[in-house]
Amino acid sequence: MGCAKNKKSVRKYARQNRYVIGAKISEHKFLRILQGYADGIPVQLLEPTTHVGGKTIRATYWTLRAHLPLAIGAQPEQFSGAGVYLFDNGTVTVVGRCILGRVQRTRRFAHYVRRHAPRLKSEQGEQLLLIEKTVRILCALDLRAVDIGEHTLMEIGEAFADLRVREPLQNLASKIPMARAHAHPGRLLYEDYRRYLLKHPLRAHPQTAAAPLP
């Protein structure tokens, strides 16, 4: 009788959150945090709407950033093809490094770091934010009609450098021939990441603080 009760409680706990193994927050609350991350909502603005502490949201955001390179590597066609354009067998391509470097040198990226990690001191943390920002740029663009090559990717990097700090990322589409803007880039990032996590759930207490950068 006792064994049956234990099995029931284990099954109930397992159903609580399919996206994080051993999570203490419900699946619903985790997805609210994932949506906030995908929409680029800062921790202090998301906290009042989720009933989750800022410390938990901040830790979850960093865990999502740490696993994003793995997610786009595992699903190269998703996230607007970020894995195809930026990585080759888990390693950042030469063109990918050029784009990342171009984004990193912009005032807009510096503003992004101040907004989302004002106390950042880690070089690895900055690299995770850089990959995240570049994925957001690609998610803002529908490139299916574009003949993607090295020149086009560099054009995207240059166009981002010319974008004003508060100008929507979708405006990049007007600077790339044949490109179209995604109406809801945050939704695209959310859905692609959610599908990845269903197959590769996070762990509530990982052995390492962050996944290694490719």
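Just so you know, these numbers use all the heavy atoms, side chains as well, and skip hydrogens, waters and symmetry mates. None of these values were measured; they are calculated from a predicted model.
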Inset, instruction - Please report the C-alpha distance between Leu138 and Leu143 in whole Å, then the side-chain angles of each, then the deciding distance to 0.1 Å, and finally whether the side chain to side chain contact (heavy atoms under 4.5 Å, CB included) criterion is met. - result: CA-CA 8 Å; Leu138 292 171; Leu143 301 172; 4.3 Å; yes
Legend entry - Closest heavy-atom pair and its distance - Pro185, Ala140: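 Taking Pro185 first and Ala140 second, the nearest heavy atoms are CB-CA, 3.7 Å.
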Legend entry - Where Leu141 and Ala173 come nearest, the two heavy atoms and their spacing: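 Of all heavy-atom pairs spanning Leu141 and Ala173, the closest is CD2-N, 3.5 Å.
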Same cluster (ILVMFWY, side-chain, under 4.5 Å), [X] and [Y]:
X: Val94; Y: Ile99; answer: no
X: Ile57; Y: Leu45; answer: yes
X: Leu130; Y: Met154; answer: yes
X: Met178; Y: Ile137; answer: yes
X: Leu188; Y: Val135; answer: no

Answer yes or no: is there a donor N or O on one side and an acceptor on the other, between the side chain of [X] and the main chain of [Y], under 3.5 Å?
X: Asp142; Y: Arg144; answer: yes
X: His67; Y: Thr63; answer: yes
X: Glu47; Y: Gly54; answer: yes
X: Tyr193; Y: Leu68; answer: yes
X: Asn17; Y: Tyr19; answer: yes
X: Ser80; Y: Ala82; answer: no
X: Thr56; Y: Val52; answer: no
X: Arg32; Y: His28; answer: no

Under 4.5 Å between any side-chain heavy atoms of [X] and [Y], yes or no?
X: Lys29; Y: Thr50; answer: no
X: Cys139; Y: His182; answer: no
X: His200; Y: Leu70; answer: no
X: Val20; Y: Ile25; answer: no
X: His116; Y: Arg65; answer: yes
X: Arg18; Y: Pro201; answer: no

Inset, instruction - Check the pair Gln35, Arg187 against side chain to side chain donor-acceptor pair (under 3.5 Å), reporting the backbone distance first and the verdict last. - result: CA-CA 8 Å; Gln35 184 68 70; Arg187 190 68 188 176; 3.0 Å; yes
Inset, instruction - Give the intermediate values and the outcome of side chain to side chain contact (heavy atoms under 4.5 Å, CB included) for residues Phe160 and Thr134. - result: CA-CA 10 Å; Phe160 176 76; Thr134 305; over 6 Å; no
Inset, instruction - Taking atom CZ of Arg194 as the centre, report whether more than 12 heavy atoms of other residues, nucleotides or ligands fall under 6.0 Å from it. - result: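 It does: Arg194 CZ has more than 12 such atoms within range.
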Inset, instruction - Please indicate whether Arg180 has more than 12 foreign heavy atoms, meaning atoms of other residues, nucleotides or ligands, lying under 6.0 Å from its CZ. - result: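 No, not enclosed.
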Inset, instruction - Would you list the pairs meeting side chain to side chain donor-acceptor pair (under 3.5 Å) in which at least one residue belongs to residues 153-172, sequence neighbours left out? - result: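 The answer is Arg102-Glu158, His151-Glu155, Glu167-Asn171.
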Inset, instruction - Could you pull out all residues at least two apart from Thr93 that satisfy side-chain contact (heavy atoms from CB on, under 4.5 Å)? - result: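 If we apply the side-chain contact (heavy atoms from CB on, under 4.5 Å) test to Thr93, skipping adjacent residues, the hits are Asp88, Val95.
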Taking atom [atom1] of [X] and atom [atom2] of [Y], what is their separation to the nearest 0.5 Å?
X: Leu197; Y: Leu202; atom1: CG; atom2: CG; result: 5.0 Å
X: Leu46; Y: Arg58; atom1: CG; atom2: CZ; result: 11.0 Å
X: Arg115; Y: Ile41; atom1: CZ; atom2: CD1; result: 9.0 Å

Inset, instruction - Please report the C-alpha distance between Phe109 and Leu129 in whole Å, then the side-chain angles of each, then the deciding distance to 0.1 Å, and finally whether the side chain to side chain contact (heavy atoms under 4.5 Å, CB included) criterion is met. - result: CA-CA 9 Å; Phe109 178 67; Leu129 283 166; 4.3 Å; yes
Legend entry - Identified ring-ring contact (aromatic ring centres under 6.0 Å, His included) counterpart of Tyr37 within the set Trp62, Tyr61, Phe30: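 Only one of Trp62, Tyr61, Phe30 forms a ring-ring contact (aromatic ring centres under 6.0 Å, His included) with Tyr37, namely Tyr61.
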Inset, instruction - Answer with yes or no whether the side chains of Glu126 and Gln104 bring together a donor and an acceptor at under 3.5 Å. - result: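 Judged by distance alone, the side chains do pair up.
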Inset, instruction - Output, in order, the C-alpha distance, side-chain angles, deciding distance and verdict of side chain to side chain contact (heavy atoms under 4.5 Å, CB included) for Gln127 and Ile131. - result: CA-CA 6 Å; Gln127 289 297 309; Ile131 290 174; 5.6 Å; no
Legend entry - Worked check of side chain to side chain donor-acceptor pair (under 3.5 Å) between Arg136 and Tyr112: CA-CA 12 Å; Arg136 291 185 187 281; Tyr112 187 77; 2.8 Å; yes
